[in-house]
There are 2 protein chains.
Amino acid sequence: MSEETPKGRAPSIRDVARLAGVSHQTVSRVLNHHPSIRPETKQRVLDVMAELQYQPNRAARALVTSRSHTIGILAASSTQYGPASSIAAIEAAAREAGYWVSTANIDATDGRSISDGLAHLIAQGIEGLVVIAPQVRVFDTLAERSIDVPYVTLQSTGRDPEHALSVDQIAGARLATRHLIELGHRDIYHLAGPQDWIEAEARMRGFLDEMSASDVPTTAPILGDWTAEFGYYAGRELLTIRDFTAIFSSNDQMALGLMHAVRDAGLEIPRDISIIGFDDIPEAAHFWPPLTTVRQDFAELGRRCVALLVGTIDSSTLEHRGTIVPELIVRASTGAPAF
Amino acid sequence: MSEETPKGRAPSIRDVARLAGVSHQTVSRVLNHHPSIRPETKQRVLDVMAELQYQPNRAARALVTSRSHTIGILAASSTQYGPASSIAAIEAAAREAGYWVSTANIDATDGRSISDGLAHLIAQGIEGLVVIAPQVRVFDTLAERSIDVPYVTLQSTGRDPEHALSVDQIAGARLATRHLIELGHRDIYHLAGPQDWIEAEARMRGFLDEMSASDVPTTAPILGDWTAEFGYYAGRELLTIRDFTAIFSSNDQMALGLMHAVRDAGLEIPRDISIIGFDDIPEAAHFWPPLTTVRQDFAELGRRCVALLVGTIDSSTLEHRGTIVPELIVRASTGAPAF
DNA sequence: TTCGGGCATGTGCACGGTCACACGCCGCGC
DNA sequence: GCGCGGCGTGTGACCGTGCACATGCCCGAA
C-alpha cells in the first residue's frame, strides 16, 4: 500500500492539513466555503484532498452540528404506482437540494408498525418528514409522539391542511364525475378507496359534490381496497343489480377489475357501461378498452414537497404552495349511455 | 419546561449516568447488552433512560465505531412493480436485522447518474450495497470505483455471479416457453426486455434454450423497453406478418400492450394468438383475458438479499444461497393453436 | 496465606469534524 | 505614533459514544 496517510483509516481533515501545510481549521473552512481564504491556500488544500481522495465524514459532521441533512419518508403501499412515483421524485428532489433520504415502509393497518417506522426515522435524526400513507392512523401516532421536525403529508387536505400537500383530489374527482354526467349518465356508482385513506375520502367527496351540484341523484359509494381483485368482485356484485350506466373508480387498478367483471357478464364497455379511473398508471392506455382516467403529476408533487420541507428547515419560512390540478385523460372506456 | 437535563440538548449517556448514579460507561454497557452488569444496576439505568426518553445518538456511535449500520440500495426504475417490491422487502428485512436502508434512485441510461448515486451512498458510509438496476453499465461503474463494501446485485446470474442473487430467470423463461410448446405452438415470438438488463438477457436465453431443446425453430427476439406502450407498437408491427401463433413477453406490461394490439387487429386471444407474460403483477389476473404468466417471489428475494449481505458484513461468511424458482401461473391468455 | 482470575464498574482518551476565540499583520484615520 | 478593524490563519474545546485499560472485590486453588 502506498498510503499517504499513516494509519489504515480514511484520511481526515488533519491528514489533509498536514500535507497541505495548514491547520485543520483551514481545511474545514475550505470545505465550508468560508470567504476569507487566500485562493492560493484554498487551491493547495483542494489539491491535497483530490490526491488523498478525501471524503468528509458525515457522522462526525452530524455529531457536531447536530444536523443530519436527512429527510425521512414514512410510506405505506410503496409498491403501488402512485406512492412509488412520489418516493422516487422526492428522493431526486432531495438529493438536488443536498439532502439525503431515508425510507421506512410500513404496514398502515398495523399501529405498531407505524410507530416503529416513525421511531426508526427519528432515531436517524431526520430533519424533515414526508408521510405517504393513509393518514388517519398515522396522524394519531404523529400527534402522540409530538414530532418536532417539520413534516408534510402527501395526501389531500384533510385533518391537517397545514401540513398537507397534494394534487387536488377533489377537483380531480369532480372532473371525472362531470365527464360522466356530460356524456349523459345519470345512474353512476362510485367505487371508492379504503375508508382510512384521506385521498380516497377526498375523491369520494369530489364525486358527491359534483353529483349534487349537477342535480344527479347520488348513490352510496362502495368502499374498496385499491386492488384489481376487489374491483373484480365488487363489479360482480354490482352487476347483479344493473341499475346503472357508469362507474367512477377511485383508482385505475380497481377500474381494471371492474372491466374484467363487466366483460365476464357479457357486457360491453362503454356501450353498456362506462368506466373511468384515477391515476393514469402507464398501463391504463392499454387496458381493454383503453381507460379514461384522471392523471396526477407525481413528480411535480415530489418536487414541491421537498421544496416546502427544505424551505421550512433552512429558514423557517413556509414557502407558498399552489395546488396541483389533475388532468382528465379521455380514452375509450367512457361513452354516452345507450338507451 | 421541566427538563431533567441541564441544557436544551437531548439527553446523553452522561445525563443518564448522572441520574442513575453510575458512570457513562456503565450506561454504554447497558446499551450494548454487555453480559457482566448487575441486573439491579441495569434496571436502574433502564428506568432513567425511559424517564428521560433517552435516544442513542446514531452519529456519535457511527463516528466512534466507524459503522453506519446502513445498507444502500441503488435502484433504477423503482416505480415498476418488481423493483418496488424488492425495495420494500429489503427495507423490511434490513430493519428486522437491525440495519437502516438508504435508497438512491438513478436513471440507468445516464452514466453520470449512476456514478452520482453511488457516490451519494458511499458518502453515507454504507456497509453493504444492493444494486437493482440494469447491470451492464452499473457494473462498469462499480468496477471503476472499486467498491469496498459487500454488494449484491438483484439480477440474474450474469457477468458477476459471485454477487448476484435472483429468481432463476432462465428457468422461468423455459417454463413459459415450454408451456407454449406443450400447447402445440411451433411459431413463437419472444418480446424481450432492454438489451442491457441482465434479467432480460436471461429470459431471452431461457427462451432460446427451451426452443432449441424442443427442436422448435427459433425466431429472433424483439428487443423492447418493458413498457405497455412498446408492447402495443411491437404487436402492431408483428401483426403485419402473422406467421406465428404465440408470443412470450418478457414482462406483463409489454404483454398488456401486445394484447391491446392483437384486439385492435380484430383477433382473439388465445384462439388466434396465445400470449404469456412474466412477473405476475397483481393486475395480470384481471387483464382481458387474464394473463398466463410466471410469478416471482420478490419478498423472498429481498429477505435472502439482506441475509446474504448482513452475513457477509458481520462474519465475512458467505451464506449459502439457493436459487428461487419461479412458478408458472396458467390463466386464460394461452391455449392450443387453432389450425 | 498468597495469588490468580473473573466480575462489576470507573477513568481517560479517541473518533473527525465545527465553533469560539486568539493572534499577527497590514492599512488607515486622527 | 497610536489605536482600530478586517483579513487570513491557528489553537483548543467540544459533540456523544465506544474502547482499552485500571480498579476493587470476592472466591477458590496452591
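What's counted below: heavy atoms across the whole structure, side chains too, no hydrogens, waters or symmetry copies. Below, read A as the first sequence line, B as the second, and so on, with proteins coming before strands; counting in each chain starts at 1.
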Using a cut-off of strictly less than 4.0 Å, decide whether [X] has a side-chain nitrogen or oxygen near OP1 or OP2 of [N].
| X | N | answer |
| --- | --- | --- |
| B:Ser28 | D:dG18 | yes |
| A:Thr65 | C:dG17 | no |
| A:Asn57 | C:dC15 | no |

- Message: So for atom CD, which belongs to A:Glu300, do other residues, nucleotides or ligands contribute more than 12 heavy atoms lying within a distance under 6.0 Å?
- Response: yes

Please give, in whole Å, the distance from [N] [atom2] to [X] [atom1]?
| X | N | atom1 | atom2 | answer |
| --- | --- | --- | --- | --- |
| A:Ile13 | D:dG10 | CD1 | C1' | 13 Å |
| A:Arg61 | C:dC19 | CZ | C1' | 14 Å |
| B:His34 | D:dT17 | NE2 | C1' | 16 Å |
| B:His69 | D:dT17 | NE2 | C1' | 13 Å |
| B:Asn32 | C:dT9 | CG | C1' | 15 Å |
| A:Arg18 | D:dT9 | CZ | P | 19 Å |
| A:His24 | D:dC14 | NE2 | C1' | 12 Å |

Per the side-chain contact (heavy atoms from CB on, under 4.5 Å) rule, which among [options] passes with [X]?
| X | options | value |
| --- | --- | --- |
| A:Ile37 | A:Val22, A:Thr26, A:Val45 | A:Thr26 |
| A:Trp100 | A:Ile126, A:Ile71, A:Thr70 | A:Thr70 |
| A:Val30 | A:Thr41, A:Leu46, A:Ile13 | A:Leu46 |
| A:Ile87 | A:Val130, A:Leu154, A:Ile132 | A:Ile132 |

- Take B:Ser23 and A:Gln25, find for each the nucleotide of DNA chain C with the closest heavy atom, and name the residue whose nucleotide sits nearer the 5' end. B:Ser23

- Heavy-atom nearest nucleotide on DNA chain C taken for B:Thr26 and for B:Ala60; more 5' hit belongs to B:Thr26

Side chain of [X] only, heavy atoms from C-beta on: which candidate in [options] is closest?
| X | options | result |
| --- | --- | --- |
| B:Pro56 | D:dT17, D:dG18, C:dT18 | D:dT17 |
| A:Ser36 | C:dT18, D:dG8, D:dG16 | D:dG8 |
| A:Leu63 | C:dG16, D:dT9, D:dT17 | C:dG16 |
| A:Arg38 | C:dT18, D:dG8, D:dT17 | D:dG8 |

- Between B:Ala94 and B:Val101, what is the shortest heavy-atom contact and its length? CB-CG2, 3.5 Å

- Query: Hey, does the side-chain of A:Arg14 have a donor or acceptor N/O within less than 3.5 Å of a partner on the base of C:dG17?
  - Reply: yes

- Below 3.5 Å, does any donor atom in the side chain of A:Arg29 face an acceptor in the base of D:dG10, or the other way round? yes

- Query: Pick the nucleotide of DNA chain D nearest each of B:Leu31 and A:Pro39; which residue has the one closer to the 5' end?
  - Reply: A:Pro39

- With a 4.0 Å cut-off on heavy atoms, is B:Thr41 in touch with a base, just the backbone sugar-phosphate, or nothing at all? sugar-phosphate

- Query: Looking across every strand, which nucleic acid part, if any, lies under 4.0 Å from A:Gln55 by heavy atom: base, sugar-phosphate, or nothing?
  - Reply: sugar-phosphate

